Undergrad: 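A single structure is presented below for examination.
Predicted model only: the values in this text are computed from it and were never measured. Throughout, numbering of the chain's residues begins at 1 and tracks the sequence.
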Amino acid sequence: MPQSNETAWNAPLAGIRVLELPGQAGALAGRFLADLGADVLLVEPPGGGVLRAAGPFVAGQPGVDRGYRHLAYNGGKRSLTLDLATAAGQARFRQLASESDILIESTAPGELAALGLDYDDLKAANPGLIQVSITPHGRTGPWANRAYADITLAASGGLLHVSGEPERPPVQPVGDLSVQLGALAACSGALAALHGRDGPRSGWGAHLDISMQEAVTVSTLQTSNANFWRWYGLAPARNTAREFPVERCADGGYISPRSRPDRWPYIRQWALERDIPVRHAPEEWMEANRGNLGSFRTGEAADLVRDLAPGYGRDEFLRLCWSTGVVALPVYTFEEMRESEQLQAIGEFVKVPEAILGRDLESPRSPFFGIRGARPVRRAPNFGEHDGEATPFPDPRAATPKAQGAQPDSLPLTGLRVLDISWVLAGPLGARTLSNLGAEVIKLESSVRMDNLRRSVPSPNGLGLSTGGWFNGANAGKLSATIDT
């Protein structure tokens, strides 16, 4: 049940009620909303949801409450058993949906409609409902009903094209990355829809159609930028293992280094001291850090760092890189992560009591740890743990806004103004997402220190400050202003 103390009610999503049907992508999206304070009710069929049957299991012993995926992705939720194949189960689900703010589901297209439980059926009783449907390829189109696995999403979304060494097979990212990207899109969309329902959409909900394949494709914008093909007829080579190098050191350890243009004189001198041949002069920093078109690899500077690595043990090489200004981090084993000075200092791993297991489990802290009022990691519910509760959503403070008038066409973030002072990719892409959802985003730069990405992927007409392919991909839809100090 939701916490009753004052801290709980100060959570960002305090009072928001989420109904969730089992599914891996939906589970992670629901976990994110629970971390932000929402009351998430997981509606499971007899026998339990799909994650409960997924191994590995605690101590290698299968059980509906022992799967690590279930324990991680269902943390902070409640569990209610409901058989949607029965008329009674369907009636109870309609009641729950009429009292919910958000419904998260990852059923096959048409499955809920066949039961009379799709969005068009549910919004009649609850016009403010936000339904988030997460599917492999979207709810419509020729691939709508295709089977999938995480690896097929990574392949069809383009992620495998940019992974691994070109002379070897592609490398599949571990950790169900494609499914998790879909979950992130689902969570972001739900939060935006909540804002819109309470603002420009006048109490109306929405139906969000999240394609995991599309979420994967967006994640490759920087390595498979569409302008390569549009302008040059060029498909980027599958060489990310060389573009984003991982170098082996003398003791068998690995680091991932990244040279910076302003560090070129120091890298050059370091290489000469180790009798490594150098082609470019100290002042030729631009030439030494220039890769091929579409390349992230920074030319001779990156080559020299690669050649230096075998002469040192990992930790020594890291210290020397840092002292020289080369960006570098170690490749950790899981045990090294647990012992990492940095992760220990910030309290990355927390203990979560698991009563049914009779022990505490260790978990990474919530990704929303730094947000005021976000909840700490909480245990996952036992199967059917909340079946006996008389009231599905016991929070008396929650009230779904009532729709007012005709459903508006406004985007959910219409009227929101955002100042974007970030650069390169992470911040600008986040701000572009806000712009896509209707916010007015103003990108602020200085004429003496512009976004580095402006010159990346130049157009066929030559290098320009406003025509870079990557820059436009990350900043579409924004306004631009400069302030020099």
Side-chain angles (χ1 to χ4, degrees), residues 23-25 28-29 106 109 133-189 208-246 256 258 291-297 424-433 435-436 453 456-460 468-477:
Q24 187 168 340
L28 184 58
S106 51
S133 298
I134 312 170
T135 58
H137 310 103
R139 288 167 52 88
T140 59
W143 284 19
N145 291 297
R146 286 201 173 192
Y148 81 101
D150 192 79
I151 191 171
T152 64
L153 294 173
S156 62
L159 190 60
L160 293 192
H161 172 70
V162 296
S163 69
E165 300 171 352
E167 65 273 10
R168 303 180 67 183
V171 177
Q172 161 68 353
V174 299
D176 299 320
L177 182 59
S178 302
V179 173
Q180 293 193 39
L181 287 169
L184 287 170
C187 178
S188 301
L208 310 184
D209 183 1
I210 304 295
S211 161
M212 290 185 278
Q213 180 198 25
E214 187 175 2
V216 172
T217 299
V218 172
S219 75
T220 69
L221 179 147
Q222 66 185 95
T223 44
S224 294
N225 190 277
N227 291 297
F228 289 138
W229 181 260
R230 184 178 182 87
W231 287 338
Y232 301 100
L234 171 68
R238 191 170 58 80
N239 62 349
T240 48
R242 295 173 181 171
E243 296 294 310
F244 302 95
V246 174
S256 181
R258 193 74 177 156
N292 297 325
L293 177 65
S295 173
F296 278 84
R297 189 168 182 85
V424 190
L425 282 170
L429 280 172
R432 179 193 161 164
T433 299
S435 175
N436 290 346
L453 218 60
S456 298
V457 193
S459 79
W470 281 331
F471 177 81
N472 279 278
N475 294 283

Undergrad: Quick one: are Ser156 and Trp143 in side-chain contact, heavy atoms under 4.5 Å?
TA: yes

Undergrad: With distance as the sole test, does Arg432 use its side chain to make a donor-acceptor pair with the main-chain N or O of Gly477 at under 3.5 Å?
TA: no

Undergrad: Side chains of Leu160 and Gln172: closer than 4.5 Å at any heavy-atom pair?
TA: yes

Undergrad: Mark yes or no for whether Thr217, through its side chain, and Gly157, through its backbone, hold a donor-acceptor pair below 3.5 Å.
TA: yes

Undergrad: Ser178 versus Met212: any side-chain heavy-atom pair under 4.5 Å?
TA: no

Undergrad: Under the 3.5 angstrom rule, does the side chain of Ser459 hit a backbone N or O of Gly468 as a donor-acceptor pair?
TA: no

Undergrad: Work out which heavy atom in Asn475 is nearest to a heavy atom in Pro428; give both atom names and the distance.
TA: OD1-CB, 3.6 Å

Undergrad: Enumerate the salt bridge (charged side-chain N to carboxylate O under 4.0 Å, His left out) contacts for residues 219-236, please, sequence neighbours excluded, ordered by first and then second residue.
TA: none

Undergrad: Any idea which heavy atoms bring Ala144 and Pro109 closest together, and the distance?
TA: O-CG, 3.5 Å

Undergrad: Do Thr135 and Ile210 pass the side-chain contact (heavy atoms from CB on, under 4.5 Å) test, and can you show the C-alpha distance, the side-chain angles, and the key distance before you say yes or no?
TA: CA-CA 6 Å; Thr135 58; Ile210 304 295; over 6 Å; no

Undergrad: Of all heavy-atom pairs between Ser106 and Gly23, which one has the smallest distance, and what is that distance?
TA: OG-CA, 3.3 Å

Undergrad: Measure across Asp209 and Gly138 and return the closest heavy-atom pair with its distance rounded to 0.1 Å.
TA: OD1-CA, 3.6 Å

Undergrad: For the backbone of Ala185 and the side chain of Ser188, can you confirm whether one donor and one acceptor N or O come within less than 3.5 Å of each other?
TA: no

Undergrad: Locate the shortest heavy-atom distance separating Pro136 from Leu153; write the atom from each residue and the value.
TA: O-CD2, 3.6 Å

Undergrad: Using side-chain heavy atoms (C-beta onward) and a distance below 4.5 Å, is Leu177 in contact with Leu159?
TA: yes

Undergrad: How long is the span from the OG atom in Ser435 to the CG atom in Leu429, to the nearest 0.5 Å?
TA: 12.0 Å

Undergrad: Can you tell me how far CD of Gln24 sits from CG of Asp150, rounded to the nearest 0.5 angstrom?
TA: 7.5 Å

Undergrad: Write down the atom of Ala25, the atom of Ile134, and the distance for their closest heavy-atom approach.
TA: CB-CG2, 3.7 Å

